[in-house]
Each structure stands twice: as structure tokens, then as C-alpha cells.
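Everything numeric in this text was worked out from a predicted model, so none of it was measured.
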Amino acid sequence: MKTVAVLDLVPATGLAFEPFAGGLSAFERSLAALRSLPGLERVVVLAAGLEPPPGDYELVRRASWDVPALIEALAAVAGDPKAADAPGLLVHAFGDQPFLDGAFAASMAASFERWKAEFLFADGWPEGFAAEFVKPRILMALSAIAAREKLPFSRDALFLTVQKDINSFDVETEISRVDLRPWRFRAVCDTRRDFEASARLAAAAGGRVTAESVQDLLPRHEEVLRNRPAFVHVQVSGGCPQACAYCPYPGFGGDVTARRDFMEAGRFDTLMDKVASFSGDAVVDLSLWGEPALHPAFGALADSVLSRKGLSLIVETAGVGWQAGVVEGIAERWAASGRLDWIVSLDETGRGEYEALRGPGFEEAVAFAERLGILFPGHAHVQAVRMLSNERRLEVFWRGWKEKGLDVIVQKYDDFAGRLPDLTVSDLSPLGRLPCRHLARDLVIALDGSVLMCREVLGPGVYPDQAPLGNVFEDSLESIWASGESAWLAHVQRKLPAICERCDEYHTWNA
């Protein structure tokens with residue numbers, strides 16, 4: 001069967017071309033993996049801003065890509081599917097996958113032909129080990145779906161397009177022997193974090209990692225999953241207009257409705273310099289505790305985050321207390337960036353139920369959420385914490401806000417390691433305990449700059465046996481992050497401190 005391979009560099013970064021694990025770059029390794037395919041006629045590289053090193057391949061470059069453009073490029077590469085010399089198989093992979101497995105790809109190609117498939121993908125492996133296999137004759141149909149659905153460009157764009165009308169195609173799946181999805185490992189060299197995690201796994205394996213070997217390697221080497229923070233909680237305001245019944249903050253933060261202390265904008269800007277330098281990319285979440293609307297210079301905080309290209313911003317708010325014009329000004333500067341999301345905590349559908357749970361401000365909060373939906377289309381969300389008191393009304397909540405065009409987040413209830421009453425509706429914990437994702441990915445910064453082991457620690461001094469890891473205004477992020485390694489390794493060894501034994505947040509995942 002004639003085969004054409006497409007190596008996609010559209011979402012890649014310059015890390016794809018850096019030496020990986022003391023040897024060839026991820027681009028060179030992924031290119032070599034595709035070249036080993038039986039029946040390969042040619043390799044085509046897709047690129048946007050990056051300039052790949054010269055090589056024996058065809059280069060297709062566009063200034064910008066979306067899903068229709070991707071499928072159009074694939075169709076142009078394949079040519080007329082009715083032609084006598086048309087390829088019978090199109091293989092699509094990414095050029096920043098250092099563990100792209102040529103032998104596995106050849107095996108999947110054989111399965112593709114044996115099963116007479118039109119689309120074949122691998123499931124259960126971490127991202128980065130497998131390619132996608134497409135019959136060129138379905139590209140015209142995929143193009144029509146992509147134009148209709150207006151899907152954003154992503155690494156799984158082809159699969160998501162097929163999924164929109166999956167019964168129209170012969171789709172087959174190669175399933176892993178061990179389901180590695182719970183580890184959420186990415187063998188992709190597009191961020192410094194995943195580059196380093198992949199290199200550490202390669203070192204643990206003695207150099208070579210395959211689609212077969214990773215199924216045993218990753219569960220034995222969970223330590224590689226912690227590298228650099230990906231999600232940064234920052235408390236910027238001490239005050240809050242509400243003292244919610246299910247929130248621990250009023251229990252340790254004093255009279256939070258009277259507080260008006262905040263993190264000064266200049267100090268916050270210095271902190272963002274450190275985060276951008278250390279993490280490269282990260283999602284910054286405001287505010288850990290307290291209401292960001294009460295910060296007197298919130299617009300400057302948003303600018304501090306979003307002016308740094310690798311950072312994204314999430315603002316969690318009650319939707320109460322915002323000064324006129326602040327959100328509109330932020331929208332003018334940053335709404336088009338796609339790097340700013342808003343989450344308005346509402347929890348309830350009616351004024352009475354809302355006030356019993358959160359206090360005053362229902363009409364203001366609802367109006368604020370609706371305004372965000374207009375200013376930040378696709379990036380404004382309303383949230384309800386799922387608990388015993390509101391479980392029966394959640395469907396009404398969800399449907400009502402979906403009709404208004406806003407995304408709805410239903411969040412798991414957190415009793416903060418037993419500090420609050422257990423109002424959990426259902427237990428979503430995995431059957432087997434995993435090392436805490438938050439210890440691997442989160443940086444939790446209190447108002448004074450103290451860095452906590454995790455959000456469940458609440459604040460400096462709340463738990464005497466949980467001293468801060470450092471202070472971002474006095475210590476380097478490198479040293480602070482290193483101070484949290486021992487807690488992570490304890491989880492890897494399943495030797496949990498008391499607060500962690502009582503906590504079920506270990507399996508939840510932030511952005």
C-alpha cells in the first residue's frame with residue numbers, strides 16, 4: 001500500500017529542534033520514525049512560524065492554520081483518491097514527539113489495511129507515541145464537517161472532526177495493554193515541562209522508550225511527572241463580599257467581609273516575571289482566597305499576566321463588587337487573545353437558595369455573568385459546586401445558563417481534608433490512589449507571598465506541621481519548587497502525611 005506521511009509542526013515550539021536526552025532532537029526522531037513505514041513514498045512537513053532544518057521532505061507552510069486548512073492540506077498532499085497512483089494511506093503525526101514509535105506505526109499501518117479502516121488511532125497510551133491513519137477518500141467529507149462545526153485547531157483536530165459524524169466512517173482503535181491515561185503524561189516537546197518529563201523518562205529507561213515499554217515504565221517512574229509548575233494560584237485580595245457556607249476561608253481568614261488588604265500591583269508584576277521565567281508557560285488563577293473584584297488595580301494585574309506571552313489567566317469571582325469599566329477595559333485589551341477565562345461562582349438558580357448558600361448579591365452576580373458572556377464569548381463560565389444542598393437543581397442551573405450561551409462548570413465538592421462537613425454527592429475517586437496531581441503541577445501563593453504545599457493547607461500557619469515552602473518575594477521559584485519535591489516523592493511512595501490521607505482532591509486536575 002502506497003503511504004504518504006505528514007509531519008505536523010503547526011503547534012510545535014522551538015523545543016522540537018533542541019537536542020533531546022543527549023541525542024537527536026524530537027523532530028529528527030519523529031521524522032526517522034515515519035521514514036521506517038513500509039511503502040512510504042514521501043514525507044511532507046506542515047509548518048507555520050517555525051523554520052525546520054533542511055531535509056529530505058516537502059515543506060508546506062501557512063501563516064495561520066485552522067482545522068479546514070489542515071484537512072485541505074492533507075487532501076492536497078494525497079491528491080485525487082481516484083487516481084491510479086493515489087496513496088492508499090495518509091499517516092499524520094507531530095514533529096515534536098521524541099518517542100514516536102516507528103515499529104508501532106508499522107504495526108498500526110498493517111492493522112489499518114487488515115481491518116479496511118478509514119480512520120485508525122491509538123487509545124490508552126500517553127500523547128506522543130502514536131500517529132493517526134487516514135484513508136484519503138474520506139478527506140472531502142471531513143472537510144465539510146470541519147467547515148460546518150468550526151472546530152478550533154488542536155492536536156486532536158482530526159479525531160474530533162471524525163467524531164462529529166463517527167457513524168459515517170469505519171473507525172478502528174488500537175488499545176494499549178495498560179491504560180496510561182490516569183497519569184496524564186505527555187511525551188511532547190512543546191513546553192519545557194513536558195520536554196523535561198520526557199527526558200527524565202528516557203533516562204529512567206536507559207535511553208529508549210517504546211509504545212510497549214512505556215506501559216510498564218510510567219507506573220514505575222511516577223517521579224518524572226513533577227517538573228515545573230503549570231497552574232499558579234495567587235491570592236491577590238484579602239477581602240470578600242460574601243462568606244459562603246461551603247468555603248473554608250471565613251474560618252481561617254478572619255472577618256473576610258471587612259478585610260480590604262491586597263497584593264500590591266508592582267509586587268504582583270515582579271512575581272509574574274519569576275513565573276514566566278521559571279515555568280515558561282503557565283495558567284495563573286486569581287484569586288486563591290478573597291475576591292479579585294476588590295483589588296483597587298485589578299486591570300494592572302490582568303495586564304501583568306497577559307503581557308507575558310506564555311501565560312494565561314483565569315479569574316475566579318463571585319461576580320460581586322466589580323468597579324464600573326474595569327472588565328470592559330480588560331476586554332478591549334485582551335478578549336481577542338484567547339488567554340483569559342472568567343469563572344463566576346453562582347451555585348444556585350434562585351435568589352433564596354443563593355443567599356442561603358452565598359449571601360447577598362444574586363442579581364448583581366447574574367448580571368455580571370451575562371455581561372461577561374457578551375464581552376468574552378467562549379471564555380465566560382458559570383460554576384456550581386455539586387453538593388447535597390443543590391444537587392436537585394443542578395440540571396435546571398445547567399440548562400438555564402447553556403441557553404444563555406455560557407459554559408457551565410460543575411465542580412466537585414471539597415471538604416478540605418475534613419475541615420468542612422462532608423456534603424459530597426458521590427465519590428469520584430479512582431480505585432487506586434495516585435500521587436497528587438496538585439503537588440506535581442500547582443504553585444499555591446498566599447497574599448504575603450508564602451508558598452503552600454497545596455490549596456488544602458489553606459493559609460500560612462493554619463496547620464502547624466505544614467510550614468510554607470518559601471516566599472516568592474524572598475526566595476527563588478527554583479528553590480521553592482525544590483522544597484516541595486519531598487512531599488511529591490512521599491506520594492509516589494504512597495507514604496502520605498495526615499492531611500493528604502484525609503483528602504480526595506489528589507485525582508482532580510486544574511488547567
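Evaluation of the ring pair (Phe, Tyr, Trp, His ring centres under 6.0 Å) rule for F129 yields F99 as partners, not counting sequence neighbours. Here F185 pairs with nothing under the ring pair (Phe, Tyr, Trp, His ring centres under 6.0 Å) rule; sequence neighbours left out. A search for salt bridge (charged side-chain N to carboxylate O under 4.0 Å, His left out) contacts involving D273 returns R308, not counting sequence neighbours. With sequence neighbours left out, P250 forms a side chain to side chain contact (heavy atoms under 4.5 Å, CB included) with A243, C247, V256. R29 is linked by a salt bridge (charged side-chain N to carboxylate O under 4.0 Å, His left out) to nothing, counting only residues two or more places apart in sequence or in another chain. Taking the side chain to side chain contact (heavy atoms under 4.5 Å, CB included) definition, one finds that E478 meets it with F278, S476, sequence neighbours left out. In this view, F121 and F159 satisfy the ring pair (Phe, Tyr, Trp, His ring centres under 6.0 Å) rule, not counting sequence neighbours. Partners of E505 under the salt bridge (charged side-chain N to carboxylate O under 4.0 Å, His left out) rule, at least two apart in sequence or in another chain, are K412. Partners of R62 according to the salt bridge (charged side-chain N to carboxylate O under 4.0 Å, His left out) rule, which considers only residues two or more places apart in sequence or in another chain, are E72. The ring pair (Phe, Tyr, Trp, His ring centres under 6.0 Å) search around F362 returns Y354, not counting sequence neighbours.
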**Item:** Stepwise side-chain hydrogen bond (donor to acceptor under 3.5 Å, both in side chains) test for S64 and D66
**Value:** CA-CA 7 Å; S64 62; D66 55 16; over 6 Å; no
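A salt bridge between D281 and K309 is absent, with no side-chain N of the basic residue lying under 4.0 Å from a carboxylate O of the acidic one.
For E291 and T317, the side-chain atoms include at least one donor-acceptor pair closer than 3.5 Å. No donor-acceptor contact under 3.5 angstrom links the side chains of D347 and S345, judged on distance only.
Geometrically, R267 engages F473 in a cation-pi contact defined by less than 6.0 Å to the ring centre and at most 45° from the axis. With a 6.0 Å cutoff to the six-membered ring centre and a 45° limit on the axis angle, R181 does not count as a cation-pi contact of W125. Because its NZ or CZ atom is both nearer than 6.0 Å to the ring centre of W509 and within 45° of the ring axis, R441 counts as a cation-pi partner of that residue.
At least one donor-acceptor pair under 3.5 Å links the side chain of N390 to the backbone N or O of M387. With hydrogens and angles ignored, the 3.5 Å screen pairs a side-chain donor or acceptor of R494 with a backbone N or O of V492. Proximity of a side-chain donor or acceptor of Q215 to a complementary backbone N or O of A211 within less than 3.5 Å is detected. In terms of modelled atom types and a separation under 3.5 Å, the side chain of D8 and the main chain of H92 share no donor-acceptor contact. The main-chain N or O of S25 is never found under 3.5 Å from a side-chain atom of E18 such that the two would form a donor-acceptor pair. Between the side chain of R61 and the backbone N or O of L50, at least one donor-acceptor pair lies under 3.5 Å. Remark: the backbone N or O of A26 is not paired with any side-chain donor or acceptor of D96 at under 3.5 angstrom. Put simply, the side chain of S279 never gets that close to the backbone of A276: no donor and acceptor are under 3.5 Å apart.
F195 has its ring centre less than 6.0 Å from the ring centre of F20. Proximity of the aromatic rings of W289 and F416 is defined here by a centroid distance below 6.0 angstrom, and this criterion is met.
Listed by first and then second residue, the side chain to side chain donor-acceptor pair (under 3.5 Å) pairs that reach into residues 442-465 are H438-D442, D442-N510, D448-S450, sequence neighbours excluded. Sorted by first and then second residue, the ring pair (Phe, Tyr, Trp, His ring centres under 6.0 Å) pairs involving residues 305-335 (not counting sequence neighbours) are F298-W322, W322-W342, W322-F368.
The minimum heavy-atom distance linking M263 with Q235 is given by the pair CE-O, 3.5 Å.
W401 and F397 have tilted rings, their planes meeting at an angle from 30° to 60° on a 0 to 90° scale.
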